[in-house]
Amino acid sequence: MFPIDLLDATPEGASSAHHSPLLANLNDEQLAAVTLPAGHALILAGAGSGKTRVLTTRIAWLLQTGQATPGSILAVTFTNKAAKEMLARLSAMLPYNVRGMWIGTFHGLCNRLLRAHYQAAKLPQAFQILDTQDQLSAIKRLCKQFNVDDERFSPKQLMYFIAGCKEEGMRPGDVVVSDPDTRKKVEIYQLYEEQCQREGVVDFGELMLRSFELLRDDVHLRQHYQRRFQHMLVDEFQDTNKLQYQWLKQLAGDVVEGRFVSSSSVIAVGDDDQSIYAFRGARVGNMADFIREFDVRNQIKLEQNYRSHSNILDCANALISHNSNRLGKSLRTDQGPGEPVRIYEAPSDLAEASWMVDEIKQLVKSDGFKRQEIAVLYRSNAQSRVIESALFNASIPYRVYGGLRFFERAEIKHALAYLRLLENPHDDTSFMRVVNFPPRGIGARTVEVLQDTARSSGTSLNDAVTAVGGTAGTKLQGFVAKMDVLRERTQGKTLREIIETIEEESGLIEHYRSEKEGADRIENLQELVTAAESFVTQEGFGRDAVALPLDEHSGTSAITQSPVSQGLDPRAPLLNEPLKPAEGTLASLVNADTGETLSPLQAFLVHAALEAGDNQAQAGQDAVQLMTVHASKGLEFDAVFIGGVEEGLFPHENAMMDRGGLEEERRLAYVAITRARKRLYLSHSQTRMLHGQTRYNVKSRFFDELPEEALKWITPRQAGFGTFTPNSGAGGAYGAGAGGRFGSNSGWGGRAGSTSEIFASPPVPKQKAEPSHGIKAGLNVFHNKFGEGKVLAVEGAGDDARAQVSFGRHGTKWLALSIAKLTIVS
DNA sequence: ACATTGATGATTTTT
DNA sequence: TCATCAATGT
């Protein structure tokens, strides 16, 4: 077998490649990582240490020195973005195409595996993938059908339960039932599984679990892939969950007589200090398990940081040193100390935002920072609102990360549901989504009857329509007939034509044309056509769909060059057996057994499910970047603001409940700090509006863990109003902000004005001062929403104080004075 | 069918 | 506080 020969040749290959331009400019640590000998290894890659470069150079080096063929390489990431970047860098580095390699996300690779072996995995040929939204609606549908008490078991909770089980590798039968609640949940889990199987759909967790089981249970298949993937590289290893680790293990080797035996090389790259996804099942412990179970001999630390000045790194290092059970790592830089890390204490969240705005103006105007290179990070999304307002009022363009992604938008989901119904009429989730959208007189009652009918006859909704009588039945049958006609009509059409036809004939376009906010949606529907078009061209659909032009230089073995039709016979000896078509994006959608390919539409639907699309607001403009700390992982900026560094927020109070919660919060802070290249600002506020209540927060304990000599407190002396100028720049030109969310917010000025009272009397935590509101019966007051009114009565004191106010048109209301903003009018 | 109201809950999130 | 969503009313 080729790997053996090639591995024997490693020493020469390695030494001669030493002078290769590939390896130029690598530091010693990086070079060692890139040229690691065969065998499992762990690379502890600190923030900004050139991790992706090492990963890609390693692959290029393996190929260039002849130690590996493209077909023997598997590289797995968590996000599509990371996978794309890796692919892009590799194709820039390598003289030939990168098709033979398996590079992708865990879910993307699982999808490939399941497509190639759908029969062995007991899935229909064109199985659909449910995203989180679809999964939730599938569960809701199920709950309704089986009369699950949604007080006791909310669909969301059930979804988390099911996803959690799958992440742990557990089928319903594997869950240990200790209480009646769990028993019920497991029951629903079981029913959900049956429903998915019946409808031919899989959720994200199922992609992982099903392909894990496929590998585990099919020894021929497993060994085939084990032989094939001699070089596996795992990015962000600290984020892997239990199932993903087990999945890797299946691919890497077998347990023989209680010992794990593997002949491949698994390189795990990660940073335990940047593990921030425990809440979604990530197990940092996988790193220690990996070292033990894979008998890792080589561990390399990448500690040279190429990003930040040393004051910033000193803060990061000092902070993270307060965590226990670290694998141990300390970042260093050749860049000088740079500016001190600035710390600001604001009297309120509004003042904090206003300070940020002033500081950003300064950075851009005087210090030559680009707005794009300035980021404002926060612990929770709720914090963005005030910052957005402040930026908007100051006419500073900004961009918020983390809204709805393209393929998650309602209109896109609707169009996709129609497309899915074309492919699979039994996809009840899609059926439900569009049976009455746009409205065609099929009401809730009708749908209920249909669901009952379908359940009792054990068929899909589509097939049950004939059994419904009356006008309701006629309408349903009309819908199904329409879909049948469309299915017929789109036969043999190009993807573009199919989508255009569907968008028009479904009535979606028409529907949105008559809606006031519909213009954007129609634009998105057109964008969907464009996306499909570029998908087709990029992926090479439409021409040469089966015969892959394999580059001669790729040195692929018989395995990768085999004609698709030779396929896999599970009983045939697999050694030297050509069986895998799965090369590159296109061939991955070719089935190993039958050589069937997915149609362009089917492939596009897979793409849409697996890649939710852009996560950011419109790009282009030079805008300040706003995002959560989580979203900032992997990014870097010249200047970084971290707001709300307060007890209860950062570290977050909810995180303190779970074991290890504080340490994860600290890692989160570590991630945030290490985003900054030149300038770092940390701020906290004495008061903050949260859930409609003013909260008094003390500054975060994390400040106490930073080295004094790297810091500079820049809070001005608080004398009365201090330096705060409420609502500076108010009335400035609207339309400059990228968001535009505040374009119609005429109430803003009034709100900012009323909060300025907070500054007049700085808050004293917990102390209940006498009624500062000054509201008395008989006074005339003004309310932002209800307008002017007369106070009829006041009762209670402090935070509990309430006033009964009569607002002419809006009636009489009791208002909590700590919440409602009442201003006294003469 | 559609608008309006009231309850609810509100870290972090990719696939 | 404020968005979302199911339930209710016209």
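Every chain is numbered from 1, with letters handed out A, B, ... down the list of sequences.
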To the nearest Å, give me how far apart CG (A/Leu114) and C1' (B/dT15) are.
14 Å
Base, sugar-phosphate alone, or nothing: which one does A/Phe279 contact when heavy atoms must sit under 4.0 Å apart?
base
Is it the case that more than 12 heavy atoms not belonging to A/Lys242 sit under 6.0 Å from its NZ atom?
no
Let's see if you can work this out: which of B/dT11, C/dT1, B/dT13 has an atom nearest to the side-chain heavy atoms of A/Met689?
C/dT1
B/dA1, OP1 or OP2 - any side-chain N/O from A/Arg440 closer than 4.0 Å?
no
Among the candidates B/dC2, B/dA10, B/dT15, find the nucleotide nearest to the side-chain atoms of A/Pro439.
B/dC2
Once you apply a heavy-atom cut-off of 4.0 Å, does A/Ala655 come out as touching a base, just sugar-phosphate, or nothing?
base
Can you figure out which of C/dA6, B/dT13, B/dT15 approaches the side chain of A/Ala631 most closely?
B/dT13
Considering only heavy side-chain atoms of A/Asn436, the closest of B/dT13, B/dA1, B/dT15 is B/dA1
Can you check whether A/Asn381 has a side-chain N or O nearer than 4.0 Å to OP1 or OP2 of B/dT11?
no
Can you confirm if the aromatic rings of A/His414 and A/Tyr512 lie within a centre distance of less than 6.0 Å?
no
If I take atom CD in residue A/Gln383 and atom P in nucleotide C/dT1, what distance separates them, rounded to the nearest angstrom?
18 Å
Hey, is the side chain of A/Arg405 poking within less than 4.0 Å of OP1 or OP2 on B/dT15, counting only N and O atoms?
yes
Just checking A/Tyr277: base, sugar-phosphate only, or nothing, at a heavy-atom cut-off of under 4.0 Å?
sugar-phosphate
Base, sugar-phosphate, or nothing for A/Asp203, non-hydrogen atoms under 4.0 angstrom?
nothing
Out of C/dT1, B/dT15, B/dT13, which has the shortest distance to the side chain of A/Phe204?
B/dT15
Pairwise side-chain contact, A/Asn323 with A/Asp273, heavy-atom cut-off 4.5 Å (strictly under):
no
In whole angstroms, how far is the C1' atom of B/dT11 from the CZ atom of A/Arg695?
12 Å
C/dA6 phosphate, OP1 or OP2, under 4.0 Å from A/Lys140 side-chain N/O:
yes
Between B/dT15, B/dT13, B/dT11, which one does the side chain of A/Thr628 approach most closely?
B/dT13
Does any non-hydrogen side-chain atom of A/Ser700 lie less than 4.5 Å from one of A/Glu646?
no
With a 3.5 Å cut-off and heavy atoms only, can you find an N or O donor on one side and an acceptor on the other between the side chain of A/Thr132 and the base of B/dT15?
yes
Quickly, which of A/Val606, A/Leu114, A/Val201 forms a side chain to side chain contact (heavy atoms under 4.5 Å, CB included) with A/Phe127? Name it, please.
A/Leu114
Answer with base, sugar-phosphate or nothing: what part of the nucleic acid does A/Gln135 contact at a heavy-atom distance below 4.0 Å?
nothing
Using a heavy-atom cut-off of 4.0 Å across all strands, would you classify A/Gly441 as base, sugar-phosphate, or nothing?
sugar-phosphate
Kindly state whether the pair A/His652 / B/dT11 counts as stacked, where counting means centroids closer than 5.5 Å and planes tilted less than 30° apart.
yes
Integer angstrom distance from the P of C/dT4 to that of B/dT13
16 Å
Atom CZ of A/Arg379 and atom P of B/dA10: how far apart are they, to the nearest Å?
14 Å
Grab the CG-P distance between A/Leu130 and B/dT15 for me, whole Å please.
17 Å
Take A/Phe153 and A/Cys143 through the side chain to side chain contact (heavy atoms under 4.5 Å, CB included) test and state the conclusion after the steps.
CA-CA 9 Å; A/Phe153 307 100; A/Cys143 286; over 6 Å; no
Side chain of A/Asn80: nearest nucleotide among B/dT11, B/dT15, C/dA3?
B/dT15
Only pairs with both distances under 3.5 Å count, Watson-Crick or wobble alike; so what is the partner of B/dT11 in this structure?
none
Between B/dT15 (C1') and A/Asp131 (CG): distance, integer Å:
10 Å
5'-most contact on DNA chain B: A/Gly108 or A/Ile442, nearest heavy atom basis?
A/Ile442
Without decimals, in angstroms, what is the distance between A/Glu664 CD and B/dT12 C1'?
8 Å
Could you tell me how far apart A/Leu404 (CG) and C/dA3 (C1') are, to the nearest whole angstrom?
13 Å
Check: A/Phe437 ring centre within less than 6.0 Å of A/His511 ring centre
yes
Which nucleotide sits closest to the side chain of A/Thr105: C/dA3, B/dT11, B/dT15?
B/dT15
Glycosidic conformation of B/dT5, syn or anti, with 90° from 0 as the boundary?
anti
Given DNA chain B, 5'-ward residue of the pair A/Met656 and A/Lys81, judged by closest heavy atom:
A/Met656
